[in-house]
A.B. asks: 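Structure provided below as structure tokens; questions to follow.
We name chains A, B, ... by the order of the sequence lines, and we start the count at 1 in each one.
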There are 2 protein chains.
Amino acid sequence: MRRRGTVTRRLIIEAADALFYGEGVRGAGVDAIAKRAGVTKRTLYYHFASKDELIAAYLEARDQPTLKRLKNAMRAKDLASSVRALFKLVGSSGILPTWKGCAFIRVIHELAGQPGHPACVLARRHKKGLEQWFEEQIEAAGISKADERARELLVLMDGAITQMLTHRDPIYAEAALRAALVCLGLEGRPRARSKTAAHVYR
Amino acid sequence: MRRRGTVTRRLIIEAADALFYGEGVRGAGVDAIAKRAGVTKRTLYYHFASKDELIAAYLEARDQPTLKRLKNAMRAKDLASSVRALFKLVGSSGILPTWKGCAFIRVIHELAGQPGHPACVLARRHKKGLEQWFEEQIEAAGISKADERARELLVLMDGAITQMLTHRDPIYAEAALRAALVCLGLEGRPRARSKTAAHVYR
DNA sequence: GTCTATATGCCGATAGAC
DNA sequence: GTCTATCGGCATATAGAC
């Protein structure tokens with residue numbers, strides 16, 4: 001009987017995570033995943049009915065840890081600091097060659113032709129959950145129309161992630177941070193920011 | 001001798017465009033592309049040395065038309081109207097089932113493990129070109145630090161596209177539009193009150 | 001529950017005729 | 001330049017022993 005807590009099952013998901021994230025859910029094959037997990041393909045197919053199911057399990061396993069990591073980065077009391085930490089995280093992660101963007105967005109893009117795929121459903125739920133948490137944080141900071149601000153923040157985060165994956169240049173995470181602070185009303189548009197100061201980076 | 005203007009070559013690229021964009025560059029095979037183009041695989045491989053080269057040609061063929069379409073949408077004299085038109089376009093496109101996001105961003109995500117792939121190089125160049133054009137428009141509107149504002153606009157656009165592909169809900173394009181107008185200083189937003197101040201009203 | 005071995009088909013790419 | 005025919009490999013998935 002298939003249970004969800006099996007050691008073998010966990011090993012397979014860990015291997016899938018490494019390969020699906022590293023090479024894409026279409027680029028990585030079950031053969032390589034089974035080999036990395038140290039099991040045979042037959043064992044893999046005992047625990048997962050299909051590759052599609054394994055892809056869904058891969059995202060399912062990433063859901064809470066990813067949220068937890070973001071919440072931990074944004075644990076400051078004041079919202080401005082939290083938002084700065086968020087985009088600092090995006091910028092610093094984005095310059096690492098091993099970083100390949102957001103796993104959920106990657107799946108949405110790779111499986112754009114199959115929006116009903118279980119993994120796509122999970123990805124949408126993950127992003128909705130994050131949006132809702134953003135909204136709670138913004139509301140707790142006493143900012144009105146928190147739902148609108150949360151969507152703006154989410155758009156900026158995913159836009160920053162996309163640009164980081166594209167150009168691997170923190171300048172885009174910084175752009176997103178500036179935009180987020182302005183949107184949230186936490187920082188006015190600087191009128192006379194010294195050009196030299198603004199260009200310290202790079 | 002292989003020339004770039006051949007009718008056959010164009011037919012193949014058109015078929016590739018439909019299938020690569022519809023099912024992903026990894027999801028679509030050369031078999032299906034050749035069939036759709038009405039040629040044999042051997043002919044396809046006469047015109048393109050490899051599938052990777054065909055993928056690059058597919059993006060290459062999309063580069064100028066995509067830029068042109070965006071410039072046409074943003075042809076208004078005043079920047080605010082142009083920006084509104086941009087995100088209106090993203091929102092209205094994004095609810096069409098046939099729309100599958102930005103072809104360039106899709107490739108970046110699908111080939112995240114191969115940043116040196118010719119198609120990835122083209123995708124980066126395309127986005128850089130768009131960013132530069134944004135900068136020119138913003139500068140022409142008399143807004144300072146146009147380079148920073150252009151990056152913010154680009155991040156918002158790609159973030160909106162990503163969210164549209166994820167949720168198919170124009171509410172995210174609208175969020176990005178609001179953020180863009182605030183960032184460009186085309187629409188004000190009052191600074192947030194402190195949390196204690198907010199408590200006065202509760 | 002895990003194994004060895006294999007079914008079956010599609011993948012990208014090629015040989016050689018015309 | 002386009003065709004028919006096909007290669008070798010890897011894809012997902014399965015049969016049946018233990």
A.B. asks: I want to verify a distance call: between dC11(C), dT2(D), dT14(C), whose nearest atom is closest to the Asp31(B) side chain?
C.D. replies: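 The answer is dC11(C), which lies nearest to the side chain.
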A.B. asks: Has Ser50(A) got a side-chain N or O lying under 4.0 Å from the OP1 or OP2 atom of dT12(D)?
C.D. replies: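 The answer is no; no side-chain N or O of Ser50(A) sits under 4.0 Å from OP1 or OP2.
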A.B. asks: Would you say CD of Gln132(A) has more than 12 non-hydrogen atoms from neighbouring residues, nucleotides or ligands within 6.0 angstrom?
C.D. replies: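 Counting other residues, nucleotides and ligands, CD of Gln132(A) stays at 12 neighbours or fewer.
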A.B. asks: Would you indicate whether Lys128(B), at its atom NZ, is surrounded by more than 12 heavy atoms from other residues, nucleotides or ligands within a distance under 6.0 Å?
C.D. replies: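 For Lys128(B), atom NZ is crowded (more than 12 foreign heavy atoms under 6.0 Å).
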A.B. asks: Select from Arg42(A) and Val25(A) the residue whose nearest nucleotide in DNA chain D is closer to the 5' end of that strand.
C.D. replies: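 First, find each residue's nearest nucleotide; the 5'-ward one identifies Val25(A).
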A.B. asks: Starting the side chain at C-beta, find the nucleotide from dT6(C), dG1(C), dG12(C) nearest to Tyr46(A).
C.D. replies: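 Nearest nucleotide to the side chain: dG1(C).
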A.B. asks: What integer distance in Å separates Phe48(A):CZ from dT14(D):P?
C.D. replies: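 Answer to the nearest Å: 15 Å.
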A.B. asks: Provide, to the nearest angstrom, the distance between the CG atom belonging to Leu44(B) and the P atom belonging to dA15(C).
C.D. replies: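 Computing the Leu44(B):CG to dA15(C):P distance gives 16 Å.
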A.B. asks: Check the distance between dA11(D)'s P and Lys35(A)'s NZ and give it to me in whole angstrom.
C.D. replies: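 In whole Å, dA11(D) P and Lys35(A) NZ are 11 Å from each other.
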A.B. asks: Please determine if a side-chain N or O atom of Tyr45(A) lies less than 4.0 Å away from the OP1 or OP2 oxygen of dA13(D).
C.D. replies: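 Yes, within the criterion.
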A.B. asks: When the distance from CD of Glu53(B) to C1' of dA13(C) is rounded to whole Å, what number comes out?
C.D. replies: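 Taking atom C1' of dA13(C) as the reference, CD of Glu53(B) is at 13 Å.
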A.B. asks: Which nucleotide, dT12(D), dA15(D), dA13(C), lies nearest any side-chain atom of Lys51(B)?
C.D. replies: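 Output: dA13(C).
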A.B. asks: Between dA13(C), dT6(C), dT2(C), which nucleotide gets closest to the side-chain atoms of Lys41(A)?
C.D. replies: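 Output: dT6(C).
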A.B. asks: Report the distance from atom CZ of Arg26(B) to atom P of dC10(D), rounded to the nearest whole Å.
C.D. replies: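 Value for this atom pair: 15 Å.
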A.B. asks: Rounded to the nearest 0.5 Å, what separation is found between the CG atom of Leu54(A) and the CG atom of Leu59(A)?
C.D. replies: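 One finds 10.0 Å between CG of Leu54(A) and CG of Leu59(A).
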A.B. asks: Nearest-Å distance, CG (Leu11(A)) to P (dG1(C))?
C.D. replies: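 So the CG-P distance, Leu11(A) to dG1(C), works out to 14 Å.
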A.B. asks: Could you state the atom-to-atom distance from CD1 of Ile55(A) to C1' of dA11(D) in whole Å?
C.D. replies: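 From Ile55(A) CD1 to dA11(D) C1': 13 Å.
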A.B. asks: Closest to the Thr43(B) side chain: dC3(D), dG1(D), dG12(C)?
C.D. replies: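 In terms of side-chain proximity for Thr43(B), the closest of dC3(D), dG1(D), dG12(C) is dC3(D).
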A.B. asks: List the atom of Gly24(A), the atom of Glu110(A), and the distance in Å for their closest heavy-atom pair.
C.D. replies: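 Scanning both residues completely, I find the closest heavy atoms to be CA-OE2, 3.3 Å.
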A.B. asks: Among dT4(D), dG12(C), dC3(C), find the nucleotide with the atom closest to the side chain of Val39(A).
C.D. replies: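 Out of dT4(D), dG12(C), dC3(C), the nucleotide with an atom closest to Val39(A)'s side chain is dC3(C).
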A.B. asks: Can a cation-pi geometry be assigned to Arg62(B) and Phe104(B), taking NZ or CZ under 6.0 Å from the six-membered ring centre and within 45° of the ring axis?
C.D. replies: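 No, Arg62(B) does not lie over the aromatic ring of Phe104(B).
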A.B. asks: Taking 4.0 Å as the cut-off, does a side-chain nitrogen or oxygen of Thr40(A) come that near to OP1 or OP2 on dT2(C)?
C.D. replies: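 Result: no.
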A.B. asks: How close or far is atom C1' of dC3(D) from atom NE2 of His47(B), stated in whole angstroms?
C.D. replies: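 From His47(B) NE2 to dC3(D) C1': 12 Å.
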